[in-house]
Amino acid sequence: QVQLVESGGGSVQSGGSLRLSCVVYGHAYFTNCMGWFRQAPGKEREGVATIDTDSRTSYADSVKGRFTGSKDNAKNRLYLEMNSLKPEDTAMYYCAERPRCARIRPPSSLREWWYNYWGQGAQVTVSS
């Protein structure tokens with residue numbers, strides 16, 4: 001059974017940094033596409049970043065230049081480095097996987113329907 005587990009959430013002040021991690025259990029595909037999403041209270045889930053096996057990336061406009069996604073394919077791990085955090089970045093952050101995917105396809109790869117498996121989420125809170 002495939003399981004995605006996020007870690008690294010927490011509370012920081014505006015301007016601070018956090019690093020989220022996501023590990024995939026249950027399988028190890030040679031190629032996959034991974035995504036980070038977030039959902040704030042009362043808002044729809046939105047795609048934040050997407051990355052493929054060759055580390056091609058795509059980001060939402062709201063996080064470009066501040067967030068960086070990376071992958072460790074050997075360890076089946078995904079990371080999201082978040083810098084210059086703002087109060088509006090406060091949300092539950094989720095990682096997602098689309099297995100057997102060789103290349104991201106923006107903007108589809110920033111949409112929920114693109115992905116097959118999801119983690120339970122990690123809370124990020126940014127105070128002003």
Side-chain angles (χ1 to χ4, degrees):
Q1 183 175 354
V2 178
Q3 186 178 12
L4 279 66
V5 180
E6 301 95 339
S7 61
S11 298
V12 294
Q13 290 191 328
S14 182
S17 298
L18 282 173
R19 188 192 196 207
L20 298 179
S21 298
C22 171
V23 60
V24 181
Y25 297 103
H27 72 73
Y29 290 107
F30 182 70
T31 59
N32 62 356
C33 295
M34 302 290 296
W36 285 103
F37 289 74
R38 67 185 181 187
Q39 188 168 21
K43 294 188 177 181
E44 294 185 354
R45 191 175 299 188
E46 63 171 341
V48 173
T50 182
I51 184 168
D52 61 28
T53 302
D54 291 328
S55 295
R56 285 174 286 253
T57 55
S58 180
Y59 300 94
D61 289 343
S62 57
V63 305
K64 279 181 182 176
R66 299 188 299 121
F67 289 13
T68 303
S70 61
K71 287 179 80 216
D72 184 332
N73 294 321
K75 296 181 179 179
N76 240 10
R77 286 182 179 269
L78 174 72
Y79 303 98
L80 185 67
E81 188 74 35
M82 303 182 292
N83 298 314
S84 302
L85 283 162
K86 305 175 182 179
E88 51 263 44
D89 294 319
T90 295
M92 186 71 78
Y93 282 72
Y94 301 87
C95 64
E97 185 197 24
R98 179 185 175 101
R100 304 185 189 93
C101 170
R103 190 182 183 104
I104 56 172
R105 301 288 182 188
S108 298
S109 46
L110 284 173
R111 302 290 187 268
E112 289 185 72
W113 56 263
W114 177 256
Y115 296 92
N116 301 92
Y117 302 107
W118 291 83
Q120 293 300 307
Q123 178 67 38
V124 171
T125 303
V126 184
S127 58
S128 57

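As the structure is a prediction and not an experimental result, all values here were calculated from the model.
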#### Entry: Test item: Thr53 side-chain N/O and Arg103 main-chain N/O as donor-acceptor pair under 3.5 Å
no
Taken in chain and number order and not counting sequence neighbours, the residues that satisfy salt bridge (Lys or Arg N to Asp or Glu O under 4.0 Å) with Asp89 are Arg38, Arg66
With sequence neighbours left out, the residues meeting ring pair (Phe, Tyr, Trp, His ring centres under 6.0 Å) with Phe37 are Tyr115, Trp118
Hydrophobic clustering (ILVMFWY, side-chain heavy atoms < 4.5 Å, transitive) - are Tyr117 and Leu20 grouped together? yes
**Report entry** Check: Val126 main-chain N/O paired with Thr90 side-chain donor or acceptor under 3.5 Å
**Finding:** yes
Residue set satisfying salt bridge (Lys or Arg N to Asp or Glu O under 4.0 Å) with Lys43, at least two apart, ordered chain then number -> none
Please confirm whether the backbone N or O of Glu6 pairs with a side-chain atom of Gln120, one donor and one acceptor, at under 3.5 Å? no
Between Asn32 and the options Arg100, Arg98, Lys71, the side chain to side chain contact (heavy atoms under 4.5 Å, CB included) test singles out Lys71
Within the structure provided, determine whether Asn76 and Tyr25 are in side-chain contact (heavy-atom separation under 4.5 Å).
no
Q) Considering only heavy atoms from C-beta outward, does the side chain of Leu85 approach that of Phe67 to under 4.5 Å? A) yes
To the nearest 0.5 Å, atom CD of Glu88 lies from atom OG of Ser128 at 10.0 Å
Q. Glu112 versus Tyr94: any side-chain heavy-atom pair under 4.5 Å?
A. no
Side-chain heavy-atom pair Ile104, Trp114 within 4.5 angstrom cut-off: no
